[in-house]
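In what follows, every chain begins at residue 1, and chains take the letters A, B, ... in the order their sequences are listed.
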Amino acid sequence: MSVVISPTQTLRRSQLYRRHRQLGADFAQFGDSIAVDHYGDDEVSQARVLGLADLSTLPRIGFKGLGTPVWADSCGVKQPAQPNWATLQGDNTLVARLSSNELLLASNLTGSSKLIETLATATRAHRVYALPRGDSHSWLSLCGEQAANTLAKVCAIDFRAQYFTNLQIAQTSLAKINAVIVRTDIGDNLNYAIFSDSCSLEYLWDSLLDAMSEYRGRAIGLQALRDCATL
Amino acid sequence: MKVLICPLNGPRNISEFIYGGEYHPNPDHIEASSREWAEYVFFHRNVAGIVTEWWCHSASSYWFLAERNTLTDEILRTFNTDEIFNCRVEFSSRSNSEVPSG
Amino acid sequence: MADKTRLPQPLGMLIDRKQPITFSFENKTYSGYAGDTVASALAASNQWLLSRSFKYHRPRGVLTMAGQDANSMVQLHSDPNALADRVEITPDLEVMAQNYTGSLSRDRGARLGLLAKFLPVAFYYKAFFKPRGMWEKWAPLIRKKAGLGQINQNYQPEYFDKQYQFYDVAVIGAGPAGLCAALAAADAGAAVLLVDENAQLGGSLNYARSDLEGTQSRQMREALVARVEANVNIVAMTDATCNGWFADNWLPVIRAKRLYKVRAKQTIMCVGAIEQPAVFHNNDLPGVLLSSAALRLINLYAVRPGQSAVVLTGNNDGYTAVLDLVDAGVDVKLIVDLRDAPAYDAIAEHVCGLGIPVKIGHAVYAAQPDATGLHLGSVDVREIVSRGHCATRGEIIACDTLCMSVGYTPTYQLICQAGGQLSYDDDSAMFTLNQCPDNYYIAGSVNSLWTLEAVVADAERAAIIATNALGMSSRQIPDLIVDVQPQSPNFSWPIFAHPKGKEFVDFDEDLQIADIINATRDGYEHIQLVKRYSTCGMGPSQGRHSALTTARLVADATQRTVAQTGVTTARPPFSAEHLAHSAGRSFYPARRSNMHHRHLESGAQMLQAGAWYRPAFYGDAAARTQCINREVDNVRNNVGLVDVSTLGGIEVRGADAGEFLNRFYTFNFLKQPVGKARYALLTNEAGVIIDDGVACRFGEHHYYVTATTGGVDRVYQSMLKWNAQWRLDIDITNVTSAYAGVNIAGPRAREVLSKLVTDIDMSAVAFPYMCIREGSVAGIPARLIRVGFVGELGFEVHVPQYAGEALWDALIEAGQGQSIKPFGIEAQRVLRLEKGHIIIGQDTDAMSNPAELQMGWAVSKLKAFFVGSRTLKELGKIPLKRCLVGFVVDDPNAPIPLESHLVVDGDKMVGRVTSCNFSPTLKKPIGLAYVPPTHADAGSSFTIKSSGGSLVVAQVVDLPFYDAGNLRQEL
């Protein structure tokens with residue numbers, strides 16, 4: 001699907017939509033959103049070296065407040081024991097614990113998460129507050145063997161695989177903007193989910209692609225990530 | 001670049017933090033004399049020694065407290081705010097003595 | 001065919017004789033090999049003169065061969081002051097010398113040297129101090145004479161960047177100590193970074209022998225380097241400079257075009273020692289060089305330092321150098337030993353048996369140039385009669401090379417930056433280092449250890465302490481290492497004053513013995529003052545070769561010990577670095593609203609406010625004023641649309657939400673009805689206005705508070721900080737980026753918006769002024785806030801960020817029949833000024849309180865407490881000092897005042913203008929200004945000192961300027 005898509009509210013597109021089109025993207029639709037399926041051929045091998053994917057239109061939500069851990073537990077959410085760690089649910093929905101009373105949930109790569117849908121409409125307990133993480137935050141996926149080296153050019157935290165464990169979280173400054181970075185390997189491919197200010201997405205995208213150029217990194221579509229998961 | 005240990009996020013470059021000024025209990029906003037209040041608001045004590053300071057980890061908007069030796073710039077410890085502030089503070093129109101605040 | 005300019009292999013370990021390279025120096029072609037530096041390749045072609053000195057334009061050449069001195073500075077195409085003994089030659093590299101007038105070999109500027117007697121230290125301060133203006137007249141000429149290289153003003157920026165790196169142990173310096181420390185730490189499991197500024201690992205093992213045959217160093221180097229290269233725990237960076245030390249072992253390491261920001265848990269400094277020159281008449285002549293420089297030329301580059309040499313030594317290392325010189329075929333004429341009772345080691349004993357004359361207790365009193373005047377021709381060797389004094393007659397020895405071996409200074413810069421203390425031991429005549437900070441160690445010759453055995457043991461000891469601290473080992477820490485060397489390598493006073501001077505203490509700045517002494521006599525006795533007065537140590541080599549001599553001279557002249565005298569503060573950078581290393585790949589965050597591209601497509605002129613891109617106005621930049629005025633008119637007469645996505649948004653939710661806002665803002669919010677908006681003014685504890693916004697109560701326990709674009713982050717943090725203390729039952733979340741927003745304003749705003757709203761009764765009765773609603777606009781879930789904003793009927797519409805562009809498109813389309821037009825922040829400012837609305841930070845400053853701004857109406861007098869309440873109560877007891885008032889300028893010919901223009905009363909400043917604009921609506925300039933309370937009433941007038949000093953009369957008027965009854969916004 002490479003037709004021009006107008007910014008109607010019924011079809012949600014990323015702030016990077018124009019950049020994706022310039023890169024020759026083919027889009028795929030997920031529910032009421034579109035995301036880049038692929039730009040070119042053989043993005044799986046690109047993903048293994050160094051790839052950057054825009055997942056900003058995929059569902060996510062957050063909850064905060066003293067009642068959150070107990071309420072989420074009652075809703076069947078498997079939560080990490082400690083802040084700054086994440087878990088994957090049975091359907092690969094990511095649950096990131098940002099503090100003792102705050103959770104960030106992000107969908108799996110199919111772009112659908114029953115858990116997120118359920119929680120979004122579930123009756124919330126006392127002292128549980130929903131956070132519009134899908135709107136306030138963008139979501140990029142930086143993957144491949146050079147991902148940690150790339151992050152080292154924009155962030156003062158050691159993300160190398162042997163020091164930053166899978167499902168570990170860093171809330172930090174990335175290219176001088178705040179970001180939540182979660183290591184969520186896809187299959188055996190190193191992968192970092194980057195959640196950051198949605199209004200800074202174009203800036204962050206450009207900054208990361210610039211840092212990636214040294215390692216021949218490129219933008220990749222969602223299909224390549226999915227292929228990595230199943231390989 | 002100094003390293004500061006955030007109670008939530010662990011050791012980080014100090015550039016990730018915002019300094020929130022020195023913590024010192026505030027005087028009763030009703031009972032304090034004008035001079036006491038003015039000194040509380042405008043005077044800095046510039047202690048040469050150990051002070052308690054407010055720091056905020058910017059990326060997580062997390063406020064905490066740190067004990068720092070201003071002579072050596074050594075940070076002795078960092079801790080959560082609930083060590084000092086452990087109950088709801090009330091303000092009556094008469095007095096708010098006995099409550100810590102900074 | 002063997003190259004006769006070079007010594008035979010295996011000498012020349014850095015050059016690849018299979019890869020000849022040609023380059024040019026001073027427009028003449030030279031050849032060398034890959035791996036050669038400019039200086040080594042030129043030396044092989046017998047070109048020793050590299051540049052002219054800074055002040056007297058004296059000929060200068062190779063001194064250290066280690067990239068440590070300013071004598072070797074040359075000009076590359078876009079790189080001034082490049083170090084000829086550090087820069088590798090590349091094909092067709094163009095190199096020029098620096099600091100000469102005419103030609104390098106016949107520099108007319110050298111005549112300045114004849115005037116040296118009349119150019120004493122601080123000559124410029126003294127000569128040009130009076131009369132006033134004198135310096136400005138002479139400075140350009142003097143600067144031209146006394147400059148360094150030329151900046152290429154056509155420089156094209158290149159890609160420089162930065163990268164963070166993390167190690168358990170950073171080892172700086174890869175000589176014997178560094179190699180051993182790195183291996184010991186790595187073997188214990190530590191991730192190690194090993195940094196060396198040279199092209200090859202090994203340090204002194206590459207060129208200095210430790211036994212008679214020279215096999216020990218070579219074998220040790222080969223073994224250690226092989227082990228380092230095979231060790232997966234070690235990352236070795238050569239050609240890399242650790243250029244500073246910052247708190248908690250934060251090390252900037254520069255290699256090529258990248259600045260590595262290294263964080264090490266432990267740091268071991270194995271940075272070695274810097275050989276020092278002797279100080280005597282003409283000690284700066286090309287051909288006079290450090291012994292270590294000669295050894296580097298021979299062993300690293302296979303270059304013979306000269307044909308005939310004299311060795312001046314104050315230690316046994318000079319004798320070791322003789323072995324290399326002899327092996328290289330240099331005719332060593334004489335060994336001049338400063339010591340009167342040398343304690344020889346085995347090598348020195350051996351050299352004494354070679355048949356080379358040795359003069360004990362003698363010095364080189366002076367060097368003399370050859371017939372060209374550009375190179376060493378002979379030395380005047382005399383007996384030392386007392387410290388620093390020689391016999392009246394000596395022996396003239398012809399030679400083209402003088403090797404100096406009189407002592408070392410530990411490379412203290414990075415250690416002192418970390419807080420290490422430098423002291424001076426009178427017995428060894430040497431600076432020593434101690435009191436390093438935690439997690440920081442020194443080892444090897446920087447720690448004043450000289451024999452290889454002691455150096456290795458010291459390095460391993462440091463590594464044990466480091467890995468123990470990391471919890472990777474728990475080994476017994478060996479006792480402090482003691483050297484077995486019989487005598488210090490430092491001769492205590494290798495300084496010989498000469499009646500004609502020219503005994504250079506600091507080559508960079510052409511400072512002689514008398515300059516240092518005179519600085520102390522002029523009253524500048526402290527070493528820091530000596531530096532600033534004489535400029536000693538301020539040149540490119542930062543005192544590496546002058547600090548020791550200066551300390552000795554100043555101590556002597558002021559009757560103090562060298563330890564008491566000390567050295568000047570060593571600050572980063574250790575060596576010169578390109579500004580591009582600091583500037584390269586800096587990050588400048590940019591925020592864009594979801595409608596950003598629609599603004600661009602509509603011809604908006606964008607400006608950056610903080611990180612946000614915002615449309616200033618739409619249309620041709622050349623027609624700025626007309627564009628802004630048209631936008632203003634359209635809002636006043638039809639309907640306009642402005643992007644307000646940048647506006648801050650904070651959700652305050654929970655049982656205590658109202659109580660929290662009551663404490664935080666000045667107004668009362670507890671009784672605010674659900675479905676209503678209320679103006680929110682924020683003061684700090686000093687009663688100063690720091691932000692404002694609108695608090696929208698969407699539920700009993702739910703407020704949505706707006707904040708200014710630039711203020712929201714601070715407001716949010718401040719809210720969190722206060723509630724960390726108050727412990728109210730609420731949640732506070734910054735949702736600024738979650739919402740895109742527009743303000744649709746103008747008499748036809750309702751007409752347009754109603755077309756897109758089906759689930760809210762938009763009538764004036766059902767949705768009155770300062771009310772809020774939730775519903776949908778063009779099918780998008782939206783929050784609607786009916787505010788005055790620009791003083792017309794208007795609605796703020798907030799939608800999820802992703803739908804901003806869809807909302808924009810829908811409104812523009814729906815408003816076609818009503819002449820809807822977008823407007824930018826310039827028009828917004830004019831419109832808001834016409835309504836007398838203040839801009840926080842522009843119309844307020846660090847002292848502004850609500851009473852001054854006549855905003856007492858926004859401050860509740862009934863509340864028990866809010867953040868600024870007590871201070872405002874105190875301020876209420878004293879008279880106002882100033883008032884912010886609205887003014888108009890009625891004179892159509894007067895220049896329009898600008899912000900910050902002064903309000904004057906005679907020749908006194910009594911206030912200032914904070915905002916002023918031509919009002920298209922009122923057809924005259926309107927503005928806000930701080931004036932004395934005596935001038936604050938409507939009808940008063942005051943004087944503004946406008947552009948060019950012209951005085952403009954302004955009339956105080958009641959605010960707002962436009963629609964005083966506020967009828968239009970409540971339509």
Side-chain angles (χ1 to χ4, degrees), chain A residues 6-15 17-18 33 56-57 62 64-66 68 101-102 126-138 149-160 162-163 173-178 196-204 206-207 210-211 213-214, chain C residues 159 161-167 191 250 258 260-261 263 585-598 611-613 645-646 649 651 653-655 702 713 729-740 776-781 799-810:
Chain A
S6 71
T8 65
Q9 69 284 3
T10 52
L11 214 51
R12 180 175 177 160
R13 19 172 258 194
S14 162
Q15 181 86 25
Y17 172 75
R18 288 167 174 84
S33 307
S56 297
T57 49
K64 191 156 73 127
L66 284 172
T68 300
N101 298 317
E102 181 174 351
H126 191 42
R127 294 177 179 141
V128 178
Y129 306 98
L131 308 173
R133 291 297 192 194
D135 299 320
S136 64
H137 282 62
S138 61
N149 283 336
T150 303
L151 286 174
K153 293 171 74 174
V154 290
C155 183
I157 288 190
D158 191 355
F159 285 104
R160 286 176 297 169
Q162 65 270 41
Y163 298 99
S173 170
L174 185 73
K176 284 204 181 142
I177 60 172
N178 290 333
S196 185
D197 172 34
S198 56
C199 295
S200 302
L201 177 57
E202 293 176 66
Y203 160 76
L204 184 59
D206 294 344
S207 299
D210 176 67
S213 59
E214 173 186 0
Chain C
Y159 193 107
D161 72 354
K162 307 183 182 84
Q163 189 167 44
Y164 295 91
Q165 298 221 333
F166 310 87
Y167 294 93
W250 179 248
R258 176 164 285 173
Y260 292 97
K261 299 181 175 186
R263 176 76 72 185
R585 267 17 205 196
S586 291
F587 296 106
Y588 301 100
R591 301 178 81 181
R592 295 169 175 89
S593 88
N594 195 250
M595 306 154 206
H596 178 81
H597 296 280
R598 285 293 188 248
W612 285 102
Y613 279 110
S645 305
T646 63
E651 303 268 28
R653 292 174 288 187
H702 178 195
D713 290 340
D729 183 7
I730 49 162
D731 176 73
I732 306 164
T733 302
N734 185 348
V735 292
T736 300
S737 287
Y739 290 96
S776 59
V777 176
I780 306 164
V799 298
Q801 186 63 247
Y802 74 88
E805 195 174 313
L807 175 72
W808 184 268
D809 286 358

> A/D210 versus chain C, heavy atoms under 4.5 Å apart: side chain, backbone, both or neither?
Replying inline: both

> Between C/A590 and C/Y613, what is the shortest heavy-atom contact and its length?
Replying inline: CB-CE1, 3.5 Å

> Which atom pair, heavy atoms only, marks the closest approach of A/K176 to A/S173?
Replying inline: CA-OG, 3.5 Å

> Out of C/P781, C/G804, C/A740, C/G654, which one racks up the most heavy-atom pairs below 4.5 Å with chain A?
Replying inline: C/G654

> Side chain, backbone, both or neither: which part of A/S207 has a heavy atom under 4.5 Å from chain C?
Replying inline: side chain

> Tell me, side chain or backbone of A/R133 under 4.5 Å from chain C's heavy atoms, or both, or neither?
Replying inline: neither

>> For the backbone of A/T57 and the side chain of A/S33, can you confirm whether one donor and one acceptor N or O come within less than 3.5 Å of each other?
In response: yes

>> Report which part of C/N594 has an atom under 4.5 Å of a heavy atom belonging to chain A: side chain, backbone, both, or neither.
In response: both

>> Please classify the contact between A/H137 and chain C as side chain, backbone, both or neither, with a heavy-atom cut-off of under 4.5 Å.
In response: neither

>> Side chains of C/D161 and A/E214, heavy atoms from C-beta outward: is any pair under 4.5 Å?
In response: yes

> With a 4.5 angstrom heavy-atom cut-off, which part of C/K162 approaches chain A: side chain, backbone, both or neither?
Replying inline: backbone

>> Heavy-atom pairs under 4.5 Å with chain A - which of C/R258, C/R263, C/E651 has more of them than the others?
In response: C/R258

>> If you define the side chain from C-beta out and look only at heavy atoms, does anything of C/D729 sit under 4.5 Å from A/H126?
In response: yes

>> Just so I understand: if I count every heavy-atom pair under 4.5 Å between each of C/W808, C/Y739, C/Y588 and chain A, which residue has the most?
In response: C/Y588

>> Counting heavy-atom pairs under 4.5 Å with chain A, which one of C/A191, C/A810, C/P589 comes out on top?
In response: C/P589

> What residue in A/R18, A/K64, A/R127 has the most heavy-atom pairs under 4.5 Å with chain C?
Replying inline: A/R18

> For the side chain of C/R592 and the backbone of A/Q15, is there at least one donor-acceptor N/O pair under 3.5 Å apart?
Replying inline: no

>> Quick check on A/D206 against chain C: is it the side chain, the backbone, both or neither that has a heavy atom closer than 4.5 Å?
In response: neither

> Is a donor on one side and an acceptor on the other found under 3.5 Å between the side chain of A/S196 and the backbone of A/S138?
Replying inline: no

> How far apart are the closest heavy atoms of C/R591 and C/S737, and which atoms are they?
Replying inline: NH2-OG, 2.7 Å

> Who wins among A/C199, A/A211, A/S200, A/C155 for the most heavy-atom pairs under 4.5 Å with chain C?
Replying inline: A/C199

> Any idea which of A/I157, A/N101, A/L201 has the most non-hydrogen atom pairs under 4.5 angstrom with chain C?
Replying inline: A/I157

> Heavy-atom distance under 4.5 Å to chain C: side chain of A/L66, backbone, both or neither?
Replying inline: neither

> Hey, are the side chains of A/I177 and A/Y203 touching, using non-hydrogen atoms and a 4.5 Å cut-off?
Replying inline: yes

> Among A/G134, A/A152, A/S198, A/G65, which residue forms the greatest number of heavy-atom pairs with chain C at distances under 4.5 Å?
Replying inline: A/A152

>> Is any side-chain heavy atom of A/S136 closer than 4.5 Å to one of C/V735?
In response: no

